Amino acid sequence: MQYPVVAFAFFSLSVCAFGQHLIVTAEGRHGSAPPELLKDDISVEVNKHLARVEQWVPLRGDQANLELYIVIDDGEDSELGIQFGSLKDFINEQPVTTRIGLAYLRNGSANIVAPLTADHAQIAKALRIPLGEPGISASPYMGISDLVKKWPPSAARREVLLITSGIDPWSPPDPENPYLQKAIADSQREGILVHSIYYAESGHLGHSYWRVNWGQNYLSELGDETGGEAYWQGAGSPVSFAPYLKDLAERLQNQYLLSVTAEEANGHLEPVRVITGKRAVSLMAASKIRM
């Protein structure tokens, strides 16, 4: 997404697969608060067959529990540290119903330096400047798959804020990058939304327009397929994370749990489509749901 963060003609929904449930994010026009949506406003197709909408629960108040991992690529330029003020503000402003963890991507794995906790000040204190070694993360998408594997199942929403260039030195530019496709499928199976903020990698790849473009495309695909959002500003690092984090905070406050049943429950990932009959509304859904 280009800066400024929000510039849509209509409000839309972002949906992530979560077992037989969908996490739905209501998005308002031009950053305004979205209208309240009711169960009767929503219908769902699974593998081109109409599924039954069982529940539509606003994830607020007692239902607002969220687990959020902030994941930083250790290959990012060390100037990322100038964004830590905005990032710490975002962390400390999250409600007590949000548990936050911190991990760094290195050598194809997610190194968890601070596990999920409601002590937001502890997470803010644990932030450190990335090592800034080009390519040290290996494939950042391998790191996401590793985090998904390490993350225990939970009744709470599970979401990721990934800070990376998206460049994958372990795969030549390819629309079917195998590490990206695995990260998408792993996240869809576990119902984890992956949001991202593009930030330039250190070294030559960080200013290679060709590789930067591929990295941003990968991050956009990761967000679209899992129900998250990808934030970026042209081909360079953003001046400030603040507008992105503001937009993400608003998304987290406007989410719903949609429960569905379909004719067949086989445990496989199935194509899913979320539809609304409400006027002036577009829907963006995770491409697959585990049934």
Side-chain angles (χ1 to χ4, degrees), residues 1 16-17 68-80 83 101-114 127-151 158-232 235-238 244 269 286-288:
M1 172 185 286
C16 164
L68 175 67
Y69 260 106
I70 295 173
V71 180
I72 298 175
D73 189 333
D74 244 340
E76 297 305 275
D77 193 295
S78 60
E79 290 187 359
L80 177 64
Q83 304 292 343
L102 178 65
Y104 283 78
L105 299 182
R106 192 161 63 249
N107 301 323
S109 65
N111 295 276
I112 298 174
V113 299
L127 284 169
R128 65 161 174 78
I129 294 173
L131 297 179
E133 297 182 20
I136 194 173
S137 69
S139 168
Y141 310 107
M142 289 177 64
I144 291 298
S145 288
D146 184 57
L147 177 65
V148 171
K149 180 176 66 176
K150 293 174 177 175
W151 201 334
R158 296 189 292 171
E159 309 193 27
V160 171
L161 172 58
L162 172 62
I163 300 172
T164 180
S165 69
I167 295 172
D168 187 347
W170 277 31
S171 174
D174 182 354
E176 297 299 321
N177 179 317
Y179 307 115
L180 171 63
Q181 297 308 315
K182 186 175 187 301
I184 289 170
D186 290 343
S187 299
Q188 288 173 337
R189 287 190 191 95
E190 298 302 322
I192 296 173
L193 291 78
V194 184
H195 312 279
S196 64
I197 298 177
Y198 169 83
Y199 200 84
E201 182 172 321
S202 62
H204 172 72
L205 294 182
H207 53 82
S208 168
Y209 180 80
W210 179 58
R211 297 306 293 264
V212 166
N213 185 57
W214 274 101
Q216 291 179 339
N217 285 339
Y218 288 157
L219 293 177
S220 181
E221 183 177 355
L222 180 64
D224 285 350
E225 296 298 305
T226 65
E229 183 60 87
Y231 301 101
W232 51 275
S237 297
Y244 302 149
L269 286 171
S287 63
K288 294 181 180 179

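Any value given below was found using the heavy atoms of this structure, including those in side chains, with hydrogens, waters and symmetry copies removed. Position 1 is the first residue of the sequence; numbering continues from there. Quick caveat: nothing in here was measured; it's all calculated off a predicted structure.
Taking each heavy atom of I72 and P130 in turn, the nearest pair found is CG2-CB, 4.5 Å. The two residues Y198 and G236 come nearest to each other via the heavy atoms CE2-O, 3.6 Å. Of all non-hydrogen atoms in D168 and A138, the two that sit nearest each other are OD1-O, 4.3 Å. In plain terms, the two heavy atoms of A183 and S145 that are nearest each other are CA-OG, 3.3 Å. The minimum heavy-atom distance linking L161 with L68 is given by the pair N-CD1, 4.0 Å. Contact between L80 and Y199 at its shortest, heavy atoms only, is N-OH, 3.5 Å.
Going from atom CE of M142 over to atom CG of L105 covers 11.0 Å, rounded to the nearest 0.5 Å. L162 contributes atom CG, which lies 7.5 Å from atom CG of D73 (distance to the nearest 0.5 angstrom). Put simply, CH2 on W232 and CG on N217 are 8.5 Å apart, with the number rounded to the nearest 0.5 Å. Between the CH2 atom in W151 and the CD atom in E190 there is a gap of 10.5 Å [rounded to 0.5 Å]. The CD atom of E76 sits 8.5 Å away from atom CD1 of I167, with the distance rounded to the nearest 0.5 Å.
When atom types are taken as modelled, the side chain of T226 and the backbone of V194 share a donor-acceptor pair closer than 3.5 angstrom. Remark: the backbone N or O of G166 is paired with a side-chain donor or acceptor of T164 at under 3.5 angstrom. Judged purely by atom type and a 3.5 angstrom limit, S220 has no side-chain atom pairing as donor or acceptor with the backbone of Q216. Under the 3.5 Å distance criterion, the side-chain polar atoms of H195 are matched with a main-chain donor or acceptor of E229. Using a distance-only test at 3.5 Å, with no hydrogens or angles considered, no donor-acceptor pair links the side chain of Y244 to the main chain of A230.
Residues passing the ring pair (Phe, Tyr, Trp, His ring centres under 6.0 Å) test with Y104: none are found, sequence neighbours excluded. In this view, D146 and K150 satisfy the side chain to side chain donor-acceptor pair (under 3.5 Å) rule, not counting sequence neighbours. When the side chain to side chain contact (heavy atoms under 4.5 Å, CB included) test is applied to L131, the partners found at least two apart in sequence or on another chain are D74, R106, R128, E133, I136. Legend: residues meeting ring pair (Phe, Tyr, Trp, His ring centres under 6.0 Å) with Y218, ordered by chain and number and at least two apart, are Y141, W214. Among residues two or more places apart in sequence or in another chain, the side chain to side chain contact (heavy atoms under 4.5 Å, CB included) test is passed with A185 by R189, L269. Legend: residues meeting side chain to side chain donor-acceptor pair (under 3.5 Å) with S165, ordered by chain and number and at least two apart, are E201. For S237, there are no side chain to side chain donor-acceptor pair (under 3.5 Å) partners, not counting sequence neighbours. Listed by chain and residue number, E221 satisfy the side chain to side chain donor-acceptor pair (under 3.5 Å) test with Q181 (two or more places apart in sequence, or in another chain).
Using modelled atom types, one finds a donor on one side chain and an acceptor on the other under 3.5 Å when comparing Q188 with S287.
Under the salt bridge (Lys or Arg N to Asp or Glu O under 4.0 Å) criterion, no residue pair touches residues 170-180, with sequence neighbours excluded.
Counting heavy atoms from C-beta on, the side chains of V160 and I192 come closer than 4.5 Å.
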